[in-house]
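Submitted below is the structure of interest, expressed as structure tokens.
Values below: all heavy atoms of this structure, side chains included; hydrogens, waters and symmetry mates excluded.
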Amino acid sequence: MQLTKATIADLDNIMAILSDGRDQLAEKGVDQWQGDYPSADQITDDINHGFAYLAHADDNQTVGAIAIVTAPDHSYDTMTGDWLNHNDNYLVIHRVAIHSNHGGKGYATQLFESVISHVEANHPEIDSIRIDTHADNKAMQHLIDKMNFTKVGEIYGVYHKDDISYVYERLTSNPKTMPHAS
């Protein structure tokens, strides 16, 4: 799996991947992304800040999209729970989708493995990686658990008025801070 930083020329491709992801969620009865999130404005903002990436399989086909956002991420300002890492040395995975044309091939796992490996190998300043997903998105929860993230809390109404999302965190292999004792 290769990740390439997206440019504004990739906006339509990313929006098509995310729209397909929205359709996949709807088919499973998951209310996530069924409103105006993620919007073209949000993705344009991701691109302009260097957060948006395209995921390419080993045969160079574009199979997915992801945003890797730097701290602080205000989506979590109202989280109920307790972080494993209590500083701003973290990255957040947002807006992840593998196009349905490429589903069932393990690309989501490969995408997460690539992000985690890249962060741990190239960003020693990063102590943890965070992610959240809708309470009904069992497939993403399974993937997050599989990738050894720990559920640390919940957020309410951040992406859509009545949404409940579960928040997860994974310490990197070399955190400089000790986890906060509960």
(message) For the backbone of Leu171 and the side chain of Asp127, can you confirm whether one donor and one acceptor N or O come within less than 3.5 Å of each other?
(response)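 No, Asp127 side chain to Leu171 backbone: no donor-acceptor pair under 3.5 Å.
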
(message) If you define the side chain from C-beta out and look only at heavy atoms, does anything of Tyr107 sit under 4.5 Å from Ile98?
(response)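 A side-chain contact exists here, since the closest heavy-atom pair is under 4.5 Å.
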
(request) Starting at CG of Leu3, measure out to CD1 of Ile66 and round the result to the nearest 0.5 Å. (result) 7.0 Å

(message) Walk me through whether Tyr159 and Asp132 qualify under side-chain hydrogen bond (donor to acceptor under 3.5 Å, both in side chains).
(response) CA-CA 11 Å; Tyr159 305 108; Asp132 62 84; 2.8 Å; yes

(message) Ignoring hydrogens and geometry beyond distance, is a side-chain donor-acceptor pair present between Ser165 and His134 at under 3.5 Å?
(response) no

(request) Starting from the C-alpha separation in whole Å, work towards a yes-or-no answer on side-chain contact (heavy atoms from CB on, under 4.5 Å) for Met140 and Tyr168. (result) CA-CA 11 Å; Met140 182 58 79; Tyr168 300 81; over 6 Å; no

(message) Could you report the tightest heavy-atom contact between Phe149 and Ile116, atom names first, then the distance?
(response)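 Minimum heavy-atom separation between Phe149 and Ile116: CE1-CD1, 4.1 Å.
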
(message) Ignoring hydrogens, what is the shortest heavy-atom contact between Val158 and Ser75? Give both atom names and the distance.
(response) CG2-O, 3.5 Å

(request) Could you walk me through whether Leu54 and Ile14 pass side-chain contact (heavy atoms from CB on, under 4.5 Å), step by step? (result) CA-CA 7 Å; Leu54 290 170; Ile14 293 171; 3.6 Å; yes

(request) State, without any angle test, whether Asp41 and Ser39 hold a side-chain donor-acceptor pair at a distance under 3.5 Å. (result)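 No, because no side-chain N or O of Asp41 sits under 3.5 Å from a partner of the opposite role on Ser39.
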
(request) With ring-ring contact (aromatic ring centres under 6.0 Å, His included) as the test, would you mind laying out the steps for Tyr76 and Trp83 before giving the verdict? (result) CA-CA 10 Å; Tyr76 301 128; Trp83 296 111; 5.4 Å; yes

(message) Determine whether a donor-acceptor pair (N or O, by modelled atom type, separation under 3.5 Å) exists between the side chain of Arg130 and the backbone of Val167.
(response)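 It does not hold such a pair.
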
(message) Within this structure, what is the CZ-CG distance for the pair Phe51 and Asp73, rounded to the nearest 0.5 Å?
(response) 8.5 Å

(request) Heavy atoms only: give me the nearest Ala135-Gln141 pair and the separation to one decimal. (result) O-NE2, 2.8 Å

(message) Heavy-atom count check: over 12 atoms from other residues, nucleotides or ligands less than 6.0 Å from Gln2 CD?
(response)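 Result for CD/Gln2: open.
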
(request) List the atom of Ala65, the atom of Ile17, and the distance in Å for their closest heavy-atom pair. (result) N-CG2, 3.9 Å

(request) State, yes or no, whether a side-chain contact exists between Ile126 and Glu120 at a heavy-atom distance under 4.5 Å. (result) no

(request) Hey, could you give me the CG/OG1 distance between Leu91 and Thr70, rounded to the nearest 0.5 Å? (result) 7.0 Å

(message) Quick one about Asp145 and His142 (side-chain donor to acceptor, distance below 3.5 Å, no hydrogens or angles considered), yes or no?
(response) no

(request) For residues Ile43 and Pro38, determine if any side-chain heavy atom of one lies less than 4.5 Å from a side-chain heavy atom of the other. (result)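 Answer yes - side chains close enough.
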
(message) I'd like to know if the side chain of Gln32 and the backbone of Thr133 have a donor-acceptor N/O pair within less than 3.5 Å.
(response)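 No, because the side chain of Gln32 does not come within donor-acceptor range (under 3.5 Å) of the backbone of Thr133.
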
(request) Kindly check if the number of other-residue, nucleotide or ligand heavy atoms within 6.0 Å of NZ (Lys28) is above 12? (result) no

(message) Assess whether a salt bridge exists between Arg95 and Asp46, defined as any Lys/Arg side-chain N lying under 4.0 Å from an Asp/Glu carboxylate O.
(response)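 Answer for the salt bridge query: yes.
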
(message) Please evaluate residues Glu125 and Asn89 with respect to the criterion side-chain contact (heavy atoms from CB on, under 4.5 Å), reporting the C-alpha separation (whole Å), side-chain torsions for both, the decisive distance (0.1 Å), and the verdict.
(response) CA-CA 6 Å; Glu125 75 282 8; Asn89 299 332; 5.6 Å; no

(message) Check whether Arg22 reaches the backbone of Trp33 with its side chain - one donor and one acceptor, N or O, closer than 3.5 Å.
(response)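 Present.
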
(request) Hey, could you give me the CD1/CD1 distance between Ile155 and Ile164, rounded to the nearest 0.5 Å? (result) 11.0 Å

(message) Counting neighbours of CG on Asp36 that are heavy atoms of other residues, nucleotides or ligands and sit closer than 6.0 Å, is the number greater than 12?
(response) no

(message) Is there a side-chain contact between Val63 and His99 in this structure, where contact means two heavy atoms from C-beta onward sitting under 4.5 Å apart?
(response)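 Side-chain contact under 4.5 Å: no.
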
(request) Output yes when a side-chain donor or acceptor of Asn13 lies under 3.5 Å from a complementary backbone atom of Asp10, and no otherwise. (result) no

(request) Report the distance from atom CG of Asp58 to atom CG of Asn60, rounding to the nearest 0.5 Å. (result) 8.5 Å

(request) Report yes if some heavy atom in the side chain of Lys151 is under 4.5 Å from a heavy atom in the side chain of Glu169; otherwise report no. (result) no

(message) Is the shortest side-chain heavy-atom distance between Val92 and Ile131 below 4.5 Å?
(response)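 Not in contact.
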
(message) I'd like to know if the side chain of Asp20 pairs up with that of Gln24 as donor and acceptor (distance under 3.5 Å, no hydrogens or angles considered).
(response)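 A donor-acceptor contact under 3.5 Å links the two side chains.
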
(request) Side-chain contact test, heavy atoms from C-beta onward, threshold under 4.5 Å: evaluate it for Phe112 versus Val96 and give yes or no. (result) yes

(message) So which atom in Ile47 and which in Ala6 form the shortest heavy-atom distance, rounded to 0.1 Å?
(response) CG2-O, 3.8 Å

(message) Within this structure, what is the CZ-CE distance for the pair Arg170 and Met147, rounded to the nearest 0.5 Å?
(response)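 Nearest 0.5 Å value for the CZ-CE distance: 6.0 Å.
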
(request) Would you tell me whether His118 and Asn122 have side-chain atoms, one donor and one acceptor, within less than 3.5 Å of each other? (result)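 A pair is found: one side chain offers a donor N or O, the other an acceptor, under 3.5 Å apart.
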
(message) The test is side-chain contact (heavy atoms from CB on, under 4.5 Å); show your working for Asn87 and Asn85 and say whether it passes.
(response) CA-CA 6 Å; Asn87 64 43; Asn85 166 38; 3.0 Å; yes

(message) Please check: side-chain N/O of Ser19 versus main-chain N/O of Met15, any donor-acceptor pairing under 3.5 Å?
(response)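 Looks like no, no N/O pair under 3.5 Å.
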
(request) Side-chain contact test, heavy atoms from C-beta onward, threshold under 4.5 Å: evaluate it for Lys138 versus Val30 and give yes or no. (result)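 Of all side-chain heavy-atom pairs linking Val30 with Lys138, none is under 4.5 Å.
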
